[in-house]
Visitor: 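Here's a structure for you.
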Amino acid sequence: MGEIPAQAGRFEPTIPPEARAIISEWLRGGGYDAAIAQIAAEDPDLANQ
C-alpha cells in the first residue's frame with residue numbers, strides 16, 4: 001500500500017550538510033519555483049508532468 005515497513009530501518013541522509021544548506025536556501029529564496037515557472041513557459045507539455 002506504499003507504506004514503508006517498520007523493519008525497513010532508519011533513514012540516513014546521503015546529501016552532505018553543506019549541500020543540504022545550499023538546497024534549502026535555493027528553495028527558500030524561490031529558486032525552485034522560478035525554475036519550474038521557466039520550464040513550464042519553455043515547454044508547456046512539461047507543465048503538468
Side-chain angles (χ1 to χ4, degrees):
M1 296 289 203
E3 295 180 18
I4 299 175
Q7 67 269 21
R10 185 179 164 154
F11 172 75
E12 295 293 331
T14 57
I15 300 173
E18 298 84 9
R20 285 193 304 242
I22 292 168
I23 293 168
S24 293
E25 181 58 34
W26 182 63
L27 290 169
R28 279 193 300 273
Y32 178 80
D33 293 330
I36 295 300
Q38 180 179 351
I39 291 168
E42 292 175 3
D43 191 343
D45 290 335
L46 292 177
N48 62 1
Q49 297 291 321

Visitor: Could you pull out all residues at least two apart from E18 that satisfy salt bridge (Lys or Arg N to Asp or Glu O under 4.0 Å)?
Guide: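 For E18, no residue satisfies salt bridge (Lys or Arg N to Asp or Glu O under 4.0 Å) once neighbours in sequence are set aside.
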Visitor: Would you kindly confirm whether L27 and I36 end up in one hydrophobic cluster when ILVMFWY residues are joined by side chain heavy atoms under 4.5 Å apart?
Guide: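 Yes, one cluster joins them.
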Visitor: Scan residues 27-36 for pairs that pass side-chain hydrogen bond (donor to acceptor under 3.5 Å, both in side chains), counting only residues two or more places apart or in two chains.
Guide: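 Output for this query lists E25-R28.
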